[in-house]
Amino acid sequence: MGAGVMTSRAVGIRPWQVPIRCAILFALLGAMLEGCTPETPDQDVPVVKVEEPALPATPLFEPDSAFAFVAKQVGFGPRVPGTKAHQSCGNWMVARLDAAGANVVEQTGTVMAFSGERLPLRNIIGSFHPERKERILLFAHWDTRPFADKDDERTNQPIDGANDGGSGVGILMEIARHLSQKEHGPGVDILFTDVEDHGQPTGAMGMDENSIDTWCLGSQYWVKNTHVPNYTARFGILLDMAGARDARFYQEALSMQYAPAIVRKVWKTAASLGYGDRFVQETKYFVGIDDHIPVNKSLRIPSIDIIEYDPATQAFGPYWHTHDDNMDVIDPATLKAVGQTVLEVVWKER
Ligand code: AHN
Ligand code: ZN
């Protein structure tokens with residue numbers, strides 16, 4: 001509209017004509033009137049006040065659908081990179097995104113685990129309105145931990161990863177089901193990162209400088225090789241362990257460090273929807289590393305992590321990296337609180 005005002009002045013129209021010109025231009029272009037109203041409007045001419053058009057209503061996030069998407073993944077078996085279950089689940093995810101109307105890109109590669117083992121990597125990206133320049137990034141890891149290092153039994157066997165792996169994918173798959181109906185605002189990219197959970201086990205919760213890089217191999221790979229060149233987004237939201245019964249989401253300290261405005265936006269939205277009891281407005285430092293860190297550091301996309309904090313453990317839920325991370329811990333009510341909040345945040349962007 002700045003250009004419109006400049007044109008008006010160039011042809012020498014009187015100041016009182018400016019609002020009318022602007023209104024006509026607004027109607028023609030469907031653009032915002034911002035900056036066009038003169039500082040001192042003429043008393044005789046009514047000031048044209050154009051409201052921003054109302055946004056379409058946010059769709060209802062279906063918790064049972066999200067729950068079924070989590071169960072579907074668990075049904076394949078542990079999604080450990082290099083296994084048949086992992087491959088089958090990945091194929092299903094590609095098909096689901098495609099059915100939701102996304103433009104699907106798969107990114108494959110090989111990464112080295114802390115053990116020296118070579119692992120096949122498969123990041124899966126579903127894009128809605130890929131032609132739009134303005135974008136929102138929603139992401140979650142889809143691989144599951146190859147062992148149960150926090151369990152006292154069957155420590156060397158892979159876990160179901162219903163919450164740690166399954167929940168983020170389940171929520172984003174349900175969100176994806178609605179995204180083709182979103183005609184307004186930024187395009188959305190759903191990124192399913194692989195090989196997040198193959199990190200080096202530690203005795204304690206803490207992690208030293210060397211072991212931190214052994215986590216999040218899929219997101220580390222993606223930030224160096226984005227699915228489109230020079231990829232960027234307005235902001236990013238990572239979901240990790242977002243579906244356990246009675247889960248509470250505190251403001252994760254690294255998210256607060258890199259993207260405080262996005263944390264506030266999301267927690268405020270949750271409160272407005274009646275989920276203020278789950279989205280606690282208190283910062284907790286409990287995540288050593290997660291997929292939002294490479295995205296913040298390398299791509300400088302302000303990105304946050306919605307991840308469970310359990311005051312009892314002062315970290316994640318007691319099921320974490322044990323065989324208890326199965327469908328029994330998943331609650332549709334938690335999936336709904338997180339899913340509806342993220343859907344609302346996405347729908348409110350213009
Ligand atoms: C910690 O930050 C202690 N762990 C890495 C993040 C993670 C593992 N998320 C899921 N599993
Ligand atoms: Zn994990």
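Index from 1, following the sequence. The analysis underlying the following values was restricted to heavy atoms, covering all of them including side chains, and did not include hydrogens, waters or symmetry mates. These numbers were taken from a predicted model, which means no experiment stands behind them. Indexing begins at 1, ligand by ligand and atom by atom, following the structure's order.
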| Evaluation steps, side chain to side chain donor-acceptor pair (under 3.5 Å), between N91 and R122 | CA-CA 10 Å; N91 294 346; R122 186 183 187 187; 2.8 Å; yes

| request: Enumerate the atoms of ligand 1 whose separation from the nearest heavy atom of I289 is less than 4.0 angstrom. | output: 2 (O), 5 (C), 6 (C)

| query | Which atoms of ligand 1 sit under 4.0 Å from any heavy atom of M241? | reply | 9 (N), 10 (C)

| query | Is the closest heavy-atom distance from E196 to ligand 1 below 4.0 Å? | reply | yes

| query | Could you walk me through whether N163 and Y319 pass the side chain to side chain donor-acceptor pair (under 3.5 Å) check? | reply | CA-CA 9 Å; N163 200 35; Y319 58 82; 2.7 Å; yes

| Should we say atom CD of E153 is surrounded by more than 12 heavy atoms from elsewhere, each under 6.0 Å from it? | no

| query | Does atom CZ of R132 have more than 12 heavy-atom neighbours, drawn from other residues, nucleotides or ligands, at distances under 6.0 Å? | reply | yes

What about [X]: any of its N or O atoms under 3.5 Å from an N or O on ligand 1?
| X | value |
| --- | --- |
| G288 | yes |
| D164 | yes |
| D240 | yes |

| Identified side chain to side chain contact (heavy atoms under 4.5 Å, CB included) partner of F279 from the options T269, T341, V263 | T341

| said: Below 2.8 Å, can you find an N, O or S atom of D164 next to the Zn ion (ligand 2)? | reply: yes

| task | Decide, counting backbone as well as side-chain atoms, whether H141 has an N, O or S atom less than 2.8 Å from the Zn ion (ligand 2). | result | no

| message | Could you measure the distance from the CZ atom of R177 to the CZ atom of F61? Nearest 0.5 Å is fine. | response | 9.0 Å

| task | May I ask you to decide whether E349 forms a salt bridge with K265, counting only side-chain N to carboxylate O separations under 4.0 Å? | result | yes

| message | From the N, O or S atoms in D197, identify the one nearest to the Zn ion (ligand 2). | response | OD2

| request: Look at atom 8 (C) of ligand 1 and find which of D197, N163, L238, V287 reaches it with the closest heavy atom. | output: D197

